[in-house]
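These notes concern the structure reproduced below.
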Amino acid sequence: MKYRINRKTGDRISEIGIGSSYMFEAGKQEAIKALRRAYEGGINYFDLAAGHGDSFPIYGEALHEVRDKIFYQIHFGADYTKGDYGWSLDLDTIKGSVKWMLEQLKTDYIDYGFIHCQDEISDWETFKKNGIYDYILELKEKGVVKHIGLSSHTPKVINRILDEADVDMLMFSINPGYDYGEGEYAHGEVEEREAIYRRCEKEGIGISVMKPFSGGQLLDDKTSPFGKALTVYQCLKYILDKPGVLVALPGAKSVKEVEELLKYYDKSEEELDYAIISSFEPIRNSGRCVYCNHCKPCPMGIDIGLVNKYYDLAISGDEMAVEHYKTLKLNAADCIQCGHCDSRCPFSVHQSERMQEIKEYMEKR
Ligand code: SF4
Ligand code: SF4
């Protein structure tokens, strides 16, 4: 397992976490074994926007002994007191649900208390008006909530809430389908979505990623919006290459499914390469660098994806990205304009020209 640090909280978070939407489906005993296998495999981050309340006692039993070594995302607005998941903006309902969740989880604190599922500006206005945000702040003051999160699928709502609330973790739906306008939660234009990633990176807000496989649709030729399947591992690599992302949260309900996820780190560069998406409409010939490094090897040894990521962050105002760029052993100034990357890039990026542009920009910084 590899870990990333949430710059706002200092938490060391596994790149792969577990989402709980169908955790309960394989039965209690298998789910408990699955969660323990996940923990043994180094996974320390778990999202509790569960599909059903039955998931909570499973977590409580599986992980209460290692509670101080793991992180829970708990959602203010998800109500499980009737069993099935319900969405609520009623303060008393939410207070009751949070109390119930903590009891089931056998814990008395919440690592990331989430402003849950805000997809309309009106959701946020009601959330505040009904005193739910103040309730999270009150619990934070008391030490029950350690940090604040926000879950949303919608860039314009995310920007508004990040402007107004002190958010430490954003839960956002990211996959190649949504990023290019394909799928149920493909909210926002490509540029708006990329701007969210860069904003989070710049402000040190971590991103935890829900729906990494678009509800499984991307994994099957028949359901993929592109008519062509990607693998679990290509989707995970795509997500983890995005600025700001700390952790992907695939669902898993059995030991076998957890072990499949953990194989991510055994995969070769070729198996993780997601450049095939460049052959899909509407991504074809986008001319945008997605930091995939498919253009490697550069004869000079430049990490082309990383140089581009720092550049995109820098031009959006991220000063830290400029500093990171300057610590690279090799950067755009080392480019000899050989053109190898131009011929290898499946996204039609004129990378040698871009290297010149990056070099000139960074020389002035
Ligand atoms: S230039 Fe093309 S191949 Fe290279 S990292 Fe960017 S998108 Fe990937
Ligand atoms: S053009 Fe520059 S960045 Fe691209 S492969 Fe050649 S030396 Fe590397």
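All values reported here derive from a predicted model rather than from experimental measurement. Throughout, numbering of the chain's residues begins at 1 and tracks the sequence. Order of listing sets the numbers, starting from 1, for every ligand and every atom in it.
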Practice task
Not counting sequence neighbours, which residues clear side chain to side chain donor-acceptor pair (under 3.5 Å) with Asn175? List them please.
Solution key: none

Exercise for the section: Could you check if a side-chain atom of Tyr197 sits within less than 4.5 angstrom of a side-chain atom of Phe172, using non-hydrogen atoms only? Expected result: yes

Exercise for the section: Please examine the side chains of Val247 and Ile16, heavy atoms only from C-beta on, and report whether any two atoms are closer than 4.5 Å. Expected result: no

Practice task
Answer yes when Lys242 and Glu194 have at least one side-chain N-carboxylate O distance shorter than 4.0 Å, and no when they do not.
Solution key: no

Handout entry: Lys/Arg N to Asp/Glu carboxylate O, Glu259 vs Arg37, below 4.0 Å
Key = yes

Exercise for the section: For atom 6 (Fe) of ligand 1, report each protein N, O or S atom nearer than 2.8 Å, sorted by chain and then by residue number. Expected result: Cys289 SG

Number the atoms of ligand 2 from 1 as they appear, then name those within less than 4.0 Å of a heavy atom of [X], with their elements.
| X | answer |
| --- | --- |
| Pro299 | 5 (S) |
| Gly339 | 1 (S), 6 (Fe) |
| Ser352 | 1 (S) |
| Cys298 | 5 (S), 7 (S), 8 (Fe) |

Problem - Closest approach of any protein heavy atom to atom 2 (Fe) of ligand 2, naming residue and atom - result: Cys335 SG, 2.4 Å

Exercise for the section: Among all protein heavy atoms, pick the one closest to atom 7 (S) of ligand 2 and tell me residue, atom and distance. Expected result: Ile336 N, 3.5 Å

Exercise for the section: Please answer whether the main-chain N or O of Ile132 pairs with a side-chain N or O of Asn130 as donor and acceptor at a distance below 3.5 Å. Expected result: no

Exercise for the section: Decide whether a cation-pi geometry holds between Lys146 and Tyr109; the criteria are a distance under 6.0 Å from NZ or CZ to the six-membered ring centre and an angle within 45° of the ring axis. Expected result: yes

Problem - Over-ring placement of Lys237 relative to Tyr274, 6.0 Å and 45° cut-offs - result: no

Handout entry: Pro346 neighbourhood, listing ligand 1 atoms whose heavy-atom distance to it stays under 4.0 Å
Key = 3 (S)

Practice task
Quick one: do Tyr310 and Tyr325 satisfy ring-ring contact (aromatic ring centres under 6.0 Å, His included)? Show the steps, please.
Solution key: CA-CA 6 Å; Tyr310 287 153; Tyr325 174 88; 7.2 Å; no

Problem - ring pair (Phe, Tyr, Trp, His ring centres under 6.0 Å), paired with Tyr133, selected from Phe76, Trp124, Phe127, Phe114 - result: Trp124

Practice task
State whether Cys338 contributes an N/O/S atom found under 2.8 Å from atom 6 (Fe) of ligand 2.
Solution key: yes

